Structures are given as C-alpha cells and as structure tokens.
Amino acid sequence: MLVQLDQAKNFIDGQWRSALSEATMESFNPATGEVIGLSPKSGVEDMKIAIAAARTAFESSDWKSNSTRRSDALMQWAQKLIDRKEELARLLTRENGKSIRESRIELSACIDTLKYYAGMARSVFGRSINLSATSYGIIDKDPIGVVAIISPWNWPAMLMIREIAPALAAGNTVILKPASRTPLISVALVSLIDGVKEFPPGTVNIVTGPGALIGNELALNGDVDAISFTGDTSTGKTLMKQAAEKVKKLALELGGKSPNILFADANLAKAIPILAKSIFITAGQMCFAGSRVIVHESIHQQVVEGLKIEAEKLKVGNGIDEDTDMGPVISESQLQSVLQYCEIGKQEAKLITGGKRLTGGIYDQGYFLEPTIFDEVPLESRLAQDEIFGPVLAIQVFKDEEEAIALANGTIFGLAAGVWTQDVSRAMRVAKKVQAGTVWINSYNKNYPQTEFGGYKESGLGRTRGIEGLMEYTETKHINIEFDE
Ligand code: NAD
C-alpha cells in the first residue's frame, strides 16, 4: 500500500500518479465539515492515459485467458481487505458519514463479493449445441475488453467492488471513476492490490475527478468497450445518449422509490423495525431504500404509530461513534434538497415526525436531519414519486390487493419492493405483479453476491451480481464447426 489514505493518487498502469495539472479535490467529513484528505482533480488527458493502459493490459497480458490467475488475484484482494477492514471502515465513515456499523457491513459485503467472483472466474461457461450429424454450435463467452466503472458515493466501496469483481473475473481490464465525494475510500480499496503480482499492470486503474468531464471521456473514447454506471437516473440517461455515439455496451444501475406493501395479516412485530431500518439506513441515501410504505387501511394507524416510535428512538450523530444509528447526509446541498421535499410534504401530506434539520452541539458542524415520516401521501405528490435520497418515508394507504399493486407500480422506478403477509398465495401473486428487480417477502434488504439485482423501468438496464452479473461483462460468440463423417 504505497498511497497514504488521506493523500489519494490515481493508480494507472501500476503506478501512483497525481493529475497532470497537479490539481486536487478536497474530501469532507459530512459529520464535522472538516477536510479529511485530497485526491487528484484529473482531466481528460489523465483519463486518456488510463484508458490506454487498460487497453494495453487487455491486449498484451495473459489476463483475459488465464482464469486461474484472475481467481487468485481476486482472492488475494479479498484477503488484503480482510486484513485492513477496520481501518478502511473508519475511513469510509469519515468520508461518507454512515455509521461505523454500516461501514463494517459494507466492507464485509465487498469481501464476500470478491470471494464469490474469485470462484466464478474459473466458471465463465459457454454452451454447445449439436446442430446436425456433422456440426456443432459452440456458444463461447469472451471478455468485452476495457470496461469503465462509474460509481456513486452512497455505498462507494460495495458499488465499485460489485462491478469490478465480475468485470475482472470475466477477463476484462477496468478503469474506475469513483464519485467526487468519496474518492479516498475508493482509492484505498484499489491500493490493496498494489504489489499483488497476479494483477498485471494496467488491469485495474482508478482516476478521480469531476464526473461530467472525465466520465464523458469514458463514454466517448473508442478504446472503452463497455460502461457500467451506478448513479442517478438522470445521469444514466445522459450517459446513455453519449454512449450511443459508439454503440457502447452499457449497464445502468439507477434510482428507486421502493415500496413495502403491508397486508392486514403482516407480522408487524417483525416488519416495523425492518421497515424503519430500510428507509433510515445510510440516512435514506440508498438506491433501494424502502422509501414508501403501502399499508392496508385496517392496520394503518398501528403501523404509523409503530414507525413513529422507531424513528424517534434512532440516535442521530457522528457515524464514528459506536452507538450512532443514523449519520448525516452527504452534503449541505443534499440536506437542502431533502428539506425542500419536507416542505412539499408539509403541504401535500401529513407530517408524523421529523421534517427539520438538527441543530445545536455537534449538529451545527454537519449535515444532520431528523428521521422523517409523512402519512397519507397522494400518489401524484413528488414525495411519492421522486427519489428523495434522504431519511424521508412516505406512507400510502390501500383498501384491496389491486389498489396496493397499482400504488406500488405507480412510479417511473422499479428497483425493489417488500411484500408482508402470512398468506403464501397472496405473497406470490403480488410478488409476480410488482414491477421490481427484487421482491423480498417478509423481509427487506437481503442481498447476496449470488442473487441478481437491478431495475425494471427507469431503475436501470441489465443485472448486477450472480451469474447474470458476470455475463454482463462478456460478449457471446457462436463458433460453428462442421466435421467430416
Ligand atoms: P450521480 O449520478 O450524481 O453520480 C454517479 C457517478 O457518475 C459519479 O462518479 C459521478 O462523478 C459520475 N458522473 C456524473 N456526471 C457524469 C457524466 N455526465 N458522465 C459520466 N459520469 C458522470 O449519482 P450519485 O449522486 O453519486 O449517487 C446517487 C444515485 O445513485 C441515486 O440516484 C441512487 O439511487 C443511485 N444508486 C443506484 C444504485 C443501484 O444499484 N441501482 C446503487 C446506489 C446508488
């Protein structure tokens, strides 16, 4: 590990480099407002050098053909992360604001994902089909080539590893463009592979800097074969238009407005704490945050009261304190954006708890919000439609199953949903009808490297995790062979 955690550099072709301009960006602790480190404010020329390095590594090393090497490399990365987990969890909390408990969970998920794809690297299977007495079709799986991975700040470690692990397992080389709010943790994760001889130089490159500038270069440069983007739906749309120029392969993991549907027979003792956790985790800055509760009228009041109690007992504070349940949001602008939604909510719905900035003491230095719940939110309200990306829950009420499904499907998003009932037939019926890439029945926020994840509708394109997540990073080739009788 040659780079200091608070003095990040670009890692290009196995070398640590400043931006050509020497310009830097500051990382802030959202809980205290303090500057905690610097990273390169790279430009297009820096990105071009990284793209060229990734291209050369793909063309000239044995990475794409040596699956044992790739498997060993990913396993070593996992082990290095195990050894440094606590130190990096603390950095993650300081840069992102999330609670230290969450940071540990996030890094454990990274380790699990690296291990899973270390195994999968040896199993990039194709198929074969017998076409006639003298011919076969071999359906082969090739790596795509140079893959750009653009990631957001909310789960910066996991969302980068979630893509890089399958991309590498499939034999690609990669360029990472982390979010400008969380470059330190992203560079720290990459620094773990410095000196690991199984990674040929140029296999993994990271370039920090402004997304619109250097992200744009990834979309336009002909030496980048595919882009994996995780972020806001509107940025995803921009990228899609840019990538169309060269018909680039594109995987998009975008926003959500995910509902939890509670039927009258739901186990509320189990559901209510999970529902509260599903919206207040990472201060609501989570793509599949359970940001809507759609509840049957017969249990409506009971659920509102239960959620209010859960919200009000959360300890909001600096994430580095072991007993903090919810940290700050990422920035002042994010906080102001969430407060604007609270104002809309106060006019269009019924405020149950929260709705304000927290002030006084440590709260004055950071971006702290009260856990907030609005009830009786009309479907057409922006509170029910927009991804707020903050600790704001919208409750909606239904009379029958049909109405519950209509409410659940009534947004442009389709990332995840929860269905809560003891009736297995109802659970399956509703799960089949809800337009979402993941449906949890009597649970929420259960994610595994081996189960696919992604969005219906404007929540994305393609799937991450699991076998499909690996196949996203492959090209399919039909090799047809005729032999003599
Ligand atoms: P964002 O779209 O602002 O930024 C994401 C990344 O894109 C950053 O690295 C940014 O620098 C880069 N970027 C910005 N403009 C770009 C451009 N024109 N070209 C190329 N790259 C560009 O998103 P964010 O605010 O960092 O993250 C929050 C969003 O991410 C939310 O909408 C959330 O739902 C979504 N998200 C989705 C998933 C998922 O798996 N579906 C997971 C986490 C977050």
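Below, each value reflects all heavy atoms present in this structure, side chains not excepted, and no hydrogens, waters or symmetry copies. These numbers come from a predicted model, not from an experiment.
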Exercise for the section: Only counting residues at least two apart or in another chain, list the ones meeting ring-ring contact (aromatic ring centres under 6.0 Å, His included) with W63. Expected result: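 By the ring-ring contact (aromatic ring centres under 6.0 Å, His included) rule, W63 matches F199.
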Handout entry: Ring geometry between F288 and W440 (parallel below 30°, tilted from 30 to 60°, perpendicular above 60°)
Key =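 W440 and F288: tilted rings.
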Exercise for the section: Indicate the ring-plane relationship of F11 and W16, choosing parallel, tilted or perpendicular according to the 30° and 60° boundaries. Expected result: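 Ring orientation of F11 relative to W16: tilted.
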Side chains of [X] and [Y]: does their closest heavy-atom pair fall under 4.5 Å?
| X | Y | value |
| --- | --- | --- |
| I51 | E217 | yes |
| N221 | V146 | no |
| T235 | F229 | yes |
| V124 | S67 | no |
| L159 | E253 | no |
| S42 | N10 | yes |
| L262 | L275 | yes |

Practice task
Quick one: pull up NZ in K80 and CG in D194 and give me the separation to the nearest 0.5 Å.
Solution key: 9.0 Å
Problem - R104 and E86 ion-paired at < 4.0 Å - result: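 Yes, charged N to carboxylate O under 4.0 Å.
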Exercise for the section: For atom CD of Q15, decide whether the heavy atoms of other residues, nucleotides or ligands shown that lie under 6.0 angstrom number more than 12. Expected result: no
Practice task
Could you name each residue pair satisfying salt bridge (charged side-chain N to carboxylate O under 4.0 Å, His left out) that touches residues 462-479, not counting sequence neighbours?
Solution key: D142-K477, K249-E475
Practice task
Report yes or no: is the cationic atom of K98 (NZ for Lys, CZ for Arg) under 6.0 Å from the centre of the six-membered ring of W155, at an angle within 45° of the ring normal?
Solution key: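 Yes, a cation-pi geometry holds between K98 and W155.
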Exercise for the section: Applying side-chain contact (heavy atoms from CB on, under 4.5 Å) between W420 and each of V295, I274, D265, report the one that passes. Expected result: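 Among the candidates, only I274 passes.
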Practice task
Assess the side chains of T476 and K141: does a donor N or O sit below 3.5 Å from an acceptor N or O?
Solution key: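 Note: T476 and K141 side chains meet the donor-acceptor criterion.
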Exercise for the section: Start with the C-alpha gap between E198 and R70, add the side-chain angles, then the distance that decides, and say whether salt bridge (charged side-chain N to carboxylate O under 4.0 Å, His left out) holds. Expected result: CA-CA 7 Å; E198 280 75 8; R70 301 199 301 269; over 6 Å; no
